[in-house]
Amino acid sequence: MLSSDTNFAQGGAGLTIIRHEADIALGLAELMRLDPRLIPVVDAAGPVPLRLRAAGFSGLAHIIVSQMISRASAEAIWRRMTYGGNELTAEEFLAAGPEAWRGYGLSGAKAKSLAALAEAVAAGNIDLFDLGTLDAPQAVQKLTAVKGVGPWTAEVYLMFCCGHQDLFPVGDVALQNAVAAGLCLTERPKPALLASMVMAWSPWRSVAARLFWAYYSAKLGRGVLPVA
């Protein structure tokens with residue numbers, strides 16, 4: 001149970017939302033209490049960043065753009081899409097059209113995913129802001145109903161744009177490797193096993209995921225957090 005003096009914002013359905021660096025610090029302290037094996041992981045990881053972006057089409061689009069490419073390439077594409085930093089709306093993306101999408105440097109698959117998302121948002125079929133008031137499984141289900149949005153994308157959006165407290169993207173290979181290294185496992189845990197393992201870190205799984213991304217970055221010397 002959370003104490004009454006925490007700094008958390010409360011979402012709908014009794015959700016607790018991560019919004020501040022103090023929330024991360026509290027989560028780390030609770031994780032070390034829940035599982036002392038995480039104490040050396042916290043020590044080795046260094047600072048565990050909050051890394052929040054605004055909810056909405058622009059936030060989710062940025063996550064989609066950034067998947068499976070280098071941060072430098074993603075940011076170059078994003079600058080072209082947003083004309084140097086303006087908030088991108090679903091309507092603006094659709095109005096730009098396929099020729100502009102190719103000019104941004106988007107792959108065909110990402111352009112299709114973004115177009116499907118933009119159409120769903122513009123038509124009012126999904127409310128990306130309202131997702132922050134839903135419990136995580138329901139929110140993931142709504143997001144993955146949009147063609148081209150998979151579980152990893154949905155979970156990362158809910159964590160880094162909506163501030164959901166208790167998610168761990170078990171399909172993330174960096175997280176699998178980080179958990180294996182941090183907990184001295186003999187092999188990388190597969191998603192089903194990892195999902196079972198991380199239940200011990202509930203209701204702080206979103207902080208645990210940030211911790212292991214930070215741990216992975218510290219060990220390899222490069223950033224792997226999904227959003228900047």
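Sequence positions, counted from 1, serve as the residue numbers for this chain.
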Looking at every non-hydrogen atom in both residues, tell me the closest pair between [X] and [Y] and how far apart they are.
{"X": "Ala214", "Y": "Pro49", "answer": "CB-CD, 4.5 Å"}
{"X": "Leu114", "Y": "Phe57", "answer": "O-CE1, 4.1 Å"}
{"X": "Ala115", "Y": "Leu94", "answer": "O-CD2, 3.9 Å"}
{"X": "Ile24", "Y": "Val48", "answer": "CG2-O, 3.6 Å"}
{"X": "Glu187", "Y": "Ala180", "answer": "O-CB, 3.8 Å"}
{"X": "Pro189", "Y": "Val179", "answer": "CG-CG1, 4.4 Å"}

Open item on the list: Heavy-atom count check: over 12 atoms from other residues, nucleotides or ligands less than 6.0 Å from Gln141 CD?
Closed with: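 Atom CD in Gln141 is not crowded, with 12 or fewer foreign heavy atoms closer than 6.0 Å.
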
Task: Greater than 12 external heavy atoms within 6.0 Å of Lys110's NZ - done: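 Correct, the count exceeds 12.
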
If we ignore hydrogens and angles and just use 3.5 Å, is the side chain of [X] paired with the main-chain N or O of [Y] as donor and acceptor?
{"X": "Trp101", "Y": "Phe93", "answer": "yes"}
{"X": "Lys219", "Y": "Ala178", "answer": "no"}
{"X": "Thr133", "Y": "Asp130", "answer": "yes"}
{"X": "Arg53", "Y": "Phe160", "answer": "no"}
{"X": "Gln165", "Y": "Ser206", "answer": "no"}
{"X": "Asn177", "Y": "Ala174", "answer": "no"}
{"X": "Tyr157", "Y": "Gly56", "answer": "yes"}

- [ ] Using the six-membered ring wherever Trp is involved, compare the ring planes of His62 and Trp78 and label them parallel, tilted or perpendicular (cut-offs 30° and 60°).
- [x]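 Perpendicular.
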
TODO: Give me the ring orientation class for Phe212 and Phe168: parallel if the planes are under 30° apart, tilted from 30 to 60°, perpendicular past 60°.
DONE: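 Rings of Phe212 and Phe168: perpendicular, over 60°.
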
First locate atom [atom1] of [X], then atom [atom2] of [Y], and finally report the distance between them rounded to the nearest 0.5 Å.
{"X": "Arg205", "Y": "Met199", "atom1": "CZ", "atom2": "CE", "answer": "5.0 Å"}
{"X": "Trp152", "Y": "Leu175", "atom1": "CH2", "atom2": "CG", "answer": "9.5 Å"}
{"X": "Gln138", "Y": "Leu131", "atom1": "CD", "atom2": "CG", "answer": "9.0 Å"}
{"X": "Asp35", "Y": "Met197", "atom1": "CG", "atom2": "CE", "answer": "9.0 Å"}
{"X": "Ile69", "Y": "Ser107", "atom1": "CD1", "atom2": "OG", "answer": "8.0 Å"}
{"X": "Arg51", "Y": "Glu21", "atom1": "CZ", "atom2": "CD", "answer": "10.0 Å"}

How about [X] and [Y]: do any of their side-chain heavy atoms sit closer than 4.5 Å?
{"X": "Leu167", "Y": "Val156", "answer": "no"}
{"X": "Ile126", "Y": "Val121", "answer": "yes"}
{"X": "Leu26", "Y": "Trp204", "answer": "yes"}
{"X": "Thr144", "Y": "Pro151", "answer": "yes"}
{"X": "Asp172", "Y": "Trp213", "answer": "yes"}
{"X": "Leu60", "Y": "Cys161", "answer": "no"}
{"X": "Met159", "Y": "Arg210", "answer": "yes"}

Open item on the list: Show, in sequence, the C-alpha distance, side-chain angles and deciding distance for Glu30 and Arg33, and conclude whether the salt bridge (Lys or Arg N to Asp or Glu O under 4.0 Å) test is met.
Closed with: CA-CA 5 Å; Glu30 287 295 302; Arg33 182 186 64 79; 2.9 Å; yes

TODO: Mind running side-chain contact (heavy atoms from CB on, under 4.5 Å) on Val65 and Tyr104 for me, showing each step along the way?
DONE: CA-CA 10 Å; Val65 168; Tyr104 299 149; over 6 Å; no

- [ ] Verify side-chain contact (heavy atoms from CB on, under 4.5 Å) between Leu128 and Leu143, making sure each step is shown before the conclusion.
- [x] CA-CA 8 Å; Leu128 295 176; Leu143 272 171; 3.8 Å; yes

Open item on the list: Hydrophobic clusters here meaning ILVMFWY residues chained together by side-chain heavy-atom distances under 4.5 Å, can you tell me if Phe129 and Val140 are in one?
Closed with: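 Cluster IDs for Phe129 and Val140 differ.
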
Task: salt bridge (charged side-chain N to carboxylate O under 4.0 Å, His left out) partners for Arg188, two or more places apart - done: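 Expected list: none.
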
